[in-house]
Amino acid sequence: MEEIRHRTVHVNGIDMHVAEKGEEGAPVILFIHGFPELWYSWRHQIEALSALGYRAVAPDLRGYGDTEAPATAAEYTCLHVVGDLVALLDSVAPDQDKVFVVGHDWGAIIAWYLCQFRPDRVKALVNMSVVFNPRNPKRKPLETLKAIYGPDYYVCRFQEPGEIEDEFARFGTETILKEIYSYRNPGPLFLPKGKGFGHSLDAQITLPSWLPEEEFNYYYTKYEKNGFTPKINYYRNIDKNWELTAPWTGSQIKVPVKFIVGDQDLTYNSPGTKEYINKGGFKSNVPFLQEVVVMEGVAHFLNQEKPDEINKHIYDFFQKF
C-alpha cells in the first residue's frame, strides 16, 4: 500500500510541512486540524478518502508540528493562516481552482474564514465541532466570553503571554495532552490559576480508547519539542481577528456545507448553540448549509473517536459535487 507522503513547502513566507496521499490529478481534500492537534489527527481520513479516489492534503498549521513557528503572537491572525493555506493550494494543486475542505475545532474556524475570504477556492466544506459565528460589530469576542464564563474560562486564561505555558510546564506536556484528549465533560472548560484540570501533579490520566499510547506518542513528541506557545497564539488573536474582519461584517458563508458535531462536545453544549442550529440562525448565516449531523455519545475529537462514520459522512457529501 502506498505510504503517506511528507514534504515541506515554502508558503506565505514560512516552511509548511504537509502530509498527502492520493493520485496527483485526483480532486483535493484539504484537511485543517485544530488544537492541540497536528496533521496526524486526520490519519484515518487520509487513508480512507485517498483509497476512495481523492487526494488528501493535510498540513501542520503554522506553529504546529514540523511547520515553521513565527516568533511573535501577532503572526498568528486568521489572515496569516488563511494566507498560508491559499498559498499551499497554489503550490500543491495549481490545476484545481476549487478544492474540498474539511475542518475541525480551530481548523473549523479557519475553514469558515477561508470560505469568507476566498469562496472561489472552495468546492464544498465539511466542518466539525465549531459553528460559524458571525461577527458582532458591537462587542469584542473576549469581552463577551469573560461576561458569559468569567476569567477562569480556558480561552481567557490563554491570553496573558507565558502564564498558561508556565502552568502547563509544571504539569508536563504528557499530562496536559492526556487531560485534553480525554476531556468528555460537555460543560465549559475552566482552568483556575495553579489548579490545571483539577487533578494532582502526579495523577495518572487514562487515554481514551480511540487513542492508543503509540499514536499518542506522536503528538507528545511534537509538542514536547516545540511547546504550546505558537498554538496558544491563535487564541491570543481572537480580538485582533475581530478587528481585521470588520469588512466582512454581515457576510454569509456561500459554499455548500455539511456540519457535524458530537452531542457530548463542549462546543455543542455552549450557551445558545443548540438554539442557533435548530431555530434557523445557523442556516441564515450559512445559506447553503445542506445537513447538520449530531452524533450521539460522541465528544470533541469526533474524527478520531468515530473515524469510519466521519469518513462516510465526508465521502457521501463530496460525492454530490
Evaluate the criterion side chain to side chain contact (heavy atoms under 4.5 Å, CB included) for residue pair Arg121 and Val86; output intermediate values, then yes/no.
-> CA-CA 8 Å; Arg121 301 304 298 269; Val86 171; 3.6 Å; yes
Gap separating the [atom1] atom of [X] from the [atom2] atom of [Y], nearest 0.5 angstrom:
{"X": "Leu142", "Y": "Phe158", "atom1": "CG", "atom2": "CZ", "value": "12.5 Å"}
{"X": "Lys254", "Y": "Gln116", "atom1": "NZ", "atom2": "CD", "value": "11.5 Å"}
{"X": "Ile205", "Y": "Leu177", "atom1": "CD1", "atom2": "CG", "value": "11.5 Å"}
{"X": "Phe288", "Y": "Cys115", "atom1": "CZ", "atom2": "SG", "value": "12.0 Å"}
{"X": "Glu174", "Y": "Thr221", "atom1": "CD", "atom2": "OG1", "value": "10.0 Å"}
{"X": "Tyr268", "Y": "Ile260", "atom1": "OH", "atom2": "CD1", "value": "13.5 Å"}

Check ion pair [X]-[Y] (N to O, under 4.0 angstrom):
{"X": "Glu24", "Y": "Arg55", "value": "yes"}
{"X": "Arg62", "Y": "Glu68", "value": "no"}
{"X": "Glu47", "Y": "Arg43", "value": "no"}

Assess whether side chain to side chain donor-acceptor pair (under 3.5 Å) is satisfied between His300 and Asp105, documenting all intermediate values.
-> CA-CA 8 Å; His300 184 65; Asp105 185 78; 2.8 Å; yes
Using the rule that two of Ile, Leu, Val, Met, Phe, Trp, Tyr join whenever any of their side-chain heavy atoms come within less than 4.5 Å, decide whether Trp242 and Tyr76 are in one cluster.
->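 As far as the 4.5 Å side-chain criterion goes, Tyr76 and Trp242 are not connected within one cluster.
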Between Ile148 and Tyr153, is there a shared hydrophobic cluster once you connect ILVMFWY residues whose side-chain heavy atoms come closer than 4.5 Å?
->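 Yes; tracing contacts between hydrophobic side chains, which count when under 4.5 Å, links both residues.
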Taking the side chain as C-beta and beyond, is there a heavy-atom pair between [X] and [Y] under 4.5 Å?
{"X": "Pro256", "Y": "Leu125", "result": "no"}
{"X": "Thr67", "Y": "Pro59", "result": "no"}
{"X": "Ile314", "Y": "Ile310", "result": "yes"}
{"X": "Val298", "Y": "Glu309", "result": "no"}
{"X": "Pro186", "Y": "Leu266", "result": "no"}
{"X": "Ile238", "Y": "Val155", "result": "yes"}
{"X": "Phe132", "Y": "Phe259", "result": "no"}
{"X": "Leu79", "Y": "Phe117", "result": "yes"}

Hey, mind stepping through Met128 and Val293 against side chain to side chain contact (heavy atoms under 4.5 Å, CB included) and telling me if it holds?
-> CA-CA 9 Å; Met128 297 179 233; Val293 178; over 6 Å; no
Taking only residues two or more places apart in sequence, or in another chain, which ones meet [X] in a salt bridge (charged side-chain N to carboxylate O under 4.0 Å, His left out)?
{"X": "Lys146", "result": "none"}
{"X": "Glu143", "result": "Arg139"}
{"X": "Arg157", "result": "Glu163, Glu167"}

Is there a side chain to side chain donor-acceptor pair (under 3.5 Å) between Asn226 and Tyr64 once you walk through the steps?
-> CA-CA 8 Å; Asn226 299 323; Tyr64 281 85; over 6 Å; no
Inter- and intrachain pairs under ring pair (Phe, Tyr, Trp, His ring centres under 6.0 Å), touching residues 302-321, at least two apart |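 Listed once each, the pairs are Phe100-Phe318, Phe317-Phe321.
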According to the ring pair (Phe, Tyr, Trp, His ring centres under 6.0 Å) rule, which pairs have a member within residues 163-184, sequence neighbours left out?
->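 Pairs touching residues 163-184 that pass the test: Phe168-Phe228, Tyr181-Tyr219, Tyr181-Phe301.
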Evaluate the side chain to side chain donor-acceptor pair (under 3.5 Å) criterion for residues Asn237 and Thr77: first the C-alpha distance (whole Å), next the side-chain angles of each, then the deciding distance (0.1 Å), finally the verdict.
-> CA-CA 6 Å; Asn237 278 285; Thr77 71; 5.7 Å; no
Kindly say whether [Y] contributes a backbone atom to a donor-acceptor pair with the side chain of [X] at under 3.5 angstrom?
{"X": "Ser91", "Y": "Ala87", "value": "no"}
{"X": "Arg5", "Y": "Val18", "value": "no"}
{"X": "Asp263", "Y": "Val294", "value": "no"}

What residues form a side-chain hydrogen bond (donor to acceptor under 3.5 Å, both in side chains) with [X], not counting sequence neighbours?
{"X": "Asn136", "answer": "none"}
{"X": "Glu224", "answer": "Thr173"}
{"X": "Lys222", "answer": "Asp66"}
{"X": "Glu305", "answer": "Arg184"}

State, without any angle test, whether [X] and [Y] hold a side-chain donor-acceptor pair at a distance under 3.5 Å.
{"X": "Asn285", "Y": "Tyr276", "result": "yes"}
{"X": "Thr273", "Y": "Ser270", "result": "yes"}
{"X": "Gln45", "Y": "Asn311", "result": "yes"}

Would you list the pairs meeting salt bridge (Lys or Arg N to Asp or Glu O under 4.0 Å) in which at least one residue belongs to residues 272-295, sequence neighbours left out?
->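 Every salt bridge (Lys or Arg N to Asp or Glu O under 4.0 Å) pair that includes a residue of residues 272-295, provided the two are not neighbours, is Lys258-Glu291.
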Listed once per pair and sorted, the salt bridge (Lys or Arg N to Asp or Glu O under 4.0 Å) pairs that draw on residues 231-248, sequence neighbours left out |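 Salt bridge (Lys or Arg N to Asp or Glu O under 4.0 Å) check on residues 231-248 returns Lys140-Glu243, Glu165-Arg236, Lys240-Glu243.
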Verify side chain to side chain contact (heavy atoms under 4.5 Å, CB included) between Lys98 and Val122, making sure each step is shown before the conclusion.
-> CA-CA 5 Å; Lys98 294 189 175 190; Val122 181; over 6 Å; no
Looking only at non-hydrogen atoms, find the nearest pair between [X] and [Y] and report the distance.
{"X": "Asn241", "Y": "Cys78", "value": "OD1-N, 2.8 Å"}
{"X": "Asp15", "Y": "His10", "value": "OD1-ND1, 2.8 Å"}
{"X": "Gln96", "Y": "Gly25", "value": "NE2-O, 4.0 Å"}

Test of ring centre spacing under 6.0 Å for Tyr113 and Trp248 |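 Between Trp248 and Tyr113, which both carry aromatic rings, the centre distance is not below 6.0 Å.
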Would you list the atom pairs, donor with acceptor, under 3.5 Å between side chains in residues 27-39 and any protein atom, with sequence neighbours excluded?
unit_1: His33; atom_1: NE2; unit_2: Leu61; atom_2: N; d: 3.0
unit_1: Glu37; atom_1: OE1; unit_2: Ser41; atom_2: OG; d: 2.9
unit_1: Glu37; atom_1: OE1; unit_2: Gln304; atom_2: NE2; d: 3.2
unit_1: Glu37; atom_1: OE2; unit_2: His104; atom_2: ND1; d: 3.1
unit_1: Trp39; atom_1: NE1; unit_2: Tyr218; atom_2: OH; d: 2.9

Dump the intermediate steps for side chain to side chain contact (heavy atoms under 4.5 Å, CB included) on Ser182 and Thr206, then the final yes or no.
-> CA-CA 7 Å; Ser182 61; Thr206 304; over 6 Å; no
